[in-house]
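All residue numbers in this chain count up from 1 along the given sequence. From a predicted model like this one, the values you see are computed outputs, not experimental measurements.
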Amino acid sequence: MDLMKLREEIDVIDKQIVKLYESRMELCKDVATYKIETGKKVFDRVREEEKIRKVKSYTSDDFNSRAIEELFEQIMSVSRKLQYQLLAEHGSMGRLPFMGIDTLCDGRARVVFQGAEGAYSQAAMVQYFGRSIDSFHVETFRDAMSAIEEGSADFAVLPIENSTAGIVSDIYDLMVEFENYIVGEQIIKIEHCLLGVPGADIDQIETVYSHPQSLMQSARFLGEYDFKQISMQNNAFAAKKVAEDKDPTQAAIASAYAAEIYGLSVLKQGVNQSDTNSTRFIIVTNQKVFLKDAKKISICFEIPHESGSLYHMLSHFIYNNLNLCKIESRPIEDRNWEYRFFVDFEGNLADGAVKNALRGLREEARNLRILGNY
């Protein structure tokens with residue numbers, strides 16, 4: 001058989017396929033026009049399932065049946081995206097329930113953070129809002145989310161991800177549970193220090209207090225000494241204990257910021273192994289607002305537990321030329337082996353491409369929520 005001859009014949013068929021595809025898409029434009037005039041939804045799951053069954057019946061064997069199913073799923077997915085674009089061009093996308101603002105804080109806001117004075121959350125708050133901000137601290141992440149939901153605070157500062165330890169899963173779950181929204185982020189470099197009372201020497205230290213994760217991150221340094229290691233609720237509480245006890249044989253592993261807050265001395269700087277360890281904090285409020293120059297959007301959604309569901313959702317970012325920054329999943333409570341997906345992507349809620357992608361995602365997902373633009 002002549003391979004070149006076969007390829008020429010394939011080229012002829014491919015040209016016909018392209019021509020037929022373009023004819024189909026022209027008809028899809030007419031369908032979009034009809035839906036614009038009647039207010040009919042773009043995504044019709046029943047119609048598409050019927051269509052798939054019909055085209056599969058035209059095939060001659062099981063292999064081709066599966067291939068045609070996959071091909072037409074893609075064709076109809078692209079058709080939907082074309083229709084969404086046309087709806088956007090005709091102003092039929094509807095308004096998103098978020099308001100763009102010029103500034104986030106006028107200096108009179110009240111901010112809550114989790115932990116004690118000297119926590120990394122407080123350091124993130126100070127970097128974002130400044131030292132003069134009115135603030136208070138609470139014991140748990142839930143307490144912080146409740147404070148802004150109830151109005152006792154305007155903003156909360158919460159850790160959502162560490163570059164070495166990964167996501168703070170509790171925060172993801174709380175973002176779903178509470179009607180609060182991300183409006184900013186602050187990244188803090190995590191540099192653990194060995195803190196002691198003024199005048200203490202590292203050779204005097206017998207007991208070291210810190211959060212279990214900080215002790216683990218500083219294992220190489222701690223292995224050089226015969227310190228007794230005691231876990232605490234967080235690093236700031238460890239620093240507070242050392243400051244209150246005034247015992248030169250005690251030390252805490254915490255930040256230099258905690259040393260400043262509690263009047264402790266830095267006996268050794270950078271005791272954690274990683275020089276690149278950072279934590280990303282989010283700024284959360286109970287208002288549906290976003291800064292007009294915001295560049296990142298966070299959303300979450302659920303999808304049907306079936307083949308190709310996640311791909312079809314993510315394709316909305318591809319066709320709208322939106323860059324995905326991050327995707328995480330969390331199990332859905334009381335629904336075994338089903339997951340909620342959290343996605344961060346670049347964009348602004350005022351952008352047409354973003355509105356287009358969100359329209360498509362909302363029609364095809366279960367329980368899509370915009371978590372914030374920041």
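In this model, a donor atom of one side chain and an acceptor atom of the other lie less than 3.5 Å apart for S298 and D344. Between the side chains of Q74 and Y311, at least one donor N or O sits under 3.5 Å from an acceptor N or O. Between the side chains of S315 and K81, at least one donor N or O lies within less than 3.5 Å of an accepting N or O. T33 and D30 share no side-chain donor-acceptor pair at under 3.5 Å. For T164 and N162, the side-chain atoms include at least one donor-acceptor pair closer than 3.5 Å. A donor and an acceptor atom, one from each side chain of N180 and N286, are nowhere located under 3.5 Å apart. For E117 and Q122, the side-chain atoms include at least one donor-acceptor pair closer than 3.5 Å.
Atom CG of N321 sits in a sparse spot, with 12 or fewer heavy atoms from other residues, nucleotides or ligands closer than 6.0 Å. Remark: K240 NZ is loosely packed, at most 12 non-hydrogen atoms of other residues, nucleotides or ligands lying under 6.0 Å away. In D62, the CG atom is not crowded: 12 or fewer heavy atoms of neighbouring residues, nucleotides or ligands sit closer than 6.0 Å. By the neighbour-count criterion of 12 heavy atoms within 6.0 Å, atom CD of E9 is densely surrounded, having more than that number from other residues, nucleotides or ligands. No more than 12 heavy atoms of other residues, nucleotides or ligands lie within 6.0 Å of CD in E70, so this atom counts as exposed by the packing criterion. Residue-environment remark: NZ (K268) stays at or below the threshold of 12 foreign heavy atoms within 6.0 Å. The number of heavy-atom neighbours closer than 6.0 Å to CG of D14, taken from other residues, nucleotides and ligands shown, is above 12. More than 12 heavy atoms of other residues, nucleotides or ligands lie within 6.0 Å of CE in M25, so this atom counts as buried by the packing criterion.
No side-chain donor-acceptor contact under 3.5 Å links D351 to the backbone of A353. Within the 3.5 Å criterion, the main-chain N or O of L215 finds no donor-acceptor partner in the side chain of S218. For Q273 (side chain) and Q217 (main-chain N/O), a donor-acceptor pair under 3.5 Å exists by modelled atom type. Within the 3.5 Å criterion, the main-chain N or O of M4 finds a donor-acceptor partner in the side chain of D2.
Note: S77 OG to E364 CD = 6.0 Å, rounded to the nearest 0.5 Å. A distance of 7.5 Å separates CD in E48 from OG in S79, rounded to the nearest 0.5 Å. Going from atom CG of L3 over to atom CD of E8 covers 10.0 Å, rounded to the nearest 0.5 Å. One distance of note links OG of S231 with NE2 of H211; it measures 8.0 Å at 0.5 Å rounding. Distance check, rounded to the nearest 0.5 Å: CG of L222 to CD1 of I253 gives 4.0 Å. In this structure, OG1 in T285 is found 6.0 Å from CD1 in I148, a value given to the nearest 0.5 Å.
Considering all non-hydrogen atoms of both residues, V157 and V111 come closest at CG2-CG1, 3.8 Å. Nearest approach of V354 to G347, heavy atoms of both residues: CG2-CA, 3.9 Å. Across every non-hydrogen atom of N272 and H192, the tightest pair is OD1-N, 3.0 Å. Looking at every heavy atom in both residues, T59 comes nearest to N64 through CG2-O, 3.7 Å. The nearest pair of heavy atoms linking Q213 to A165 is NE2-CB, 3.4 Å. In this structure, V266 and C193 approach most closely via the heavy-atom pair CG1-CB, 3.9 Å.
Every side-chain hydrogen bond (donor to acceptor under 3.5 Å, both in side chains) that D247 has, sequence neighbours left out, goes to T249.
Figure legend: K241 and Y209 shown as a cation-pi pair, the cationic atom lying under 6.0 angstrom from the six-membered ring centre and within 45 degrees of its axis.
Under the 4.5 Å side-chain contact rule for hydrophobic residues, I205 and V242 do not share a cluster. A continuous path of ILVMFWY side-chain contacts below 4.5 Å connects Y58 to L71, so both sit in one hydrophobic cluster. V284 is connected to I167 through a chain of hydrophobic side-chain contacts under 4.5 Å among Ile, Leu, Val, Met, Phe, Trp and Tyr, so both are in one cluster. Linking ILVMFWY side-chain heavy atoms closer than 4.5 Å, directly or via other members, places L20 and I75 in two distinct hydrophobic clusters. The hydrophobic cluster containing F43 does not contain I52, counting ILVMFWY residues as joined when their side-chain heavy atoms lie under 4.5 angstrom apart, directly or transitively.
The only option from S214, P159, S255 that meets the side-chain contact (heavy atoms from CB on, under 4.5 Å) definition with Y120 turns out to be S255. Screening I187, N277, I190 for a side-chain contact (heavy atoms from CB on, under 4.5 Å) with S163, the sole residue that qualifies is N277.
You'll find the side chain of F345 stays beyond 4.5 Å of the side chain of N323, heavy atoms only. For the pair V78/Y21, a side-chain contact is recorded, criterion being any heavy-atom separation below 4.5 Å from C-beta on. M145 is listed as a side-chain neighbour of M175, based on a closest heavy-atom distance under 4.5 Å. Residues T38 and Y34 are in side-chain contact: their nearest non-hydrogen atoms beyond the backbone lie under 4.5 Å apart. Here the side chains of F281 and Q127 are not in contact, with every heavy-atom distance at 4.5 Å or above. Counting only heavy atoms from C-beta outward, the side chains of L371 and R369 approach each other to under 4.5 Å. Here the side chains of F290 and I182 are not in contact, with every heavy-atom distance at 4.5 Å or above. Using a 4.5 Å heavy-atom threshold, the side chains of E302 and E338 count as separate.
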Run the salt bridge (charged side-chain N to carboxylate O under 4.0 Å, His left out) check on R142 and E177 step by step: do they pass? CA-CA 10 Å; R142 178 175 291 278; E177 181 180 342; 2.6 Å; yes
Between F155 and F129, does a ring-ring contact (aromatic ring centres under 6.0 Å, His included) hold up when you go through it step by step? CA-CA 10 Å; F155 301 99; F129 290 101; 5.5 Å; yes
Full working for salt bridge (charged side-chain N to carboxylate O under 4.0 Å, His left out) between E260 and R131: CA-CA 13 Å; E260 180 184 337; R131 288 184 177 273; 3.5 Å; yes
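R47 has no carboxylate O lying under 4.0 Å from a charged side-chain N of E50, or vice versa, which leaves the two without a salt bridge. For the pair D170 and R330, the salt-bridge criterion is not met [side-chain N within less than 4.0 Å of a carboxylate O]. With salt bridges taken as basic N to acidic carboxylate O contacts below 4.0 Å, one links E185 and K296. A salt bridge links E328 with K326: the closest approach of a Lys/Arg side-chain nitrogen to an acidic carboxylate oxygen falls below 4.0 angstrom. By the 4.0 Å N-to-carboxylate-O rule, E69 lies close enough to R66 to be salt-bridged with it. A salt bridge links R110 and D134; the closest N-O separation between the charged side-chain nitrogens and carboxylate oxygens is under 4.0 Å. A salt bridge between K288 and E179 is absent, with no side-chain N of the basic residue lying under 4.0 Å from a carboxylate O of the acidic one.
F113 has its ring centre no less than 6.0 Å from the ring centre of F136. Between F98 and Y181, the ring center distance clears the sub-6.0 Å criterion.
Using bins of under 30°, 30° to 60° and over 60° for the plane-to-plane angle, the ring pair F221/Y225 lands in the tilted bin.
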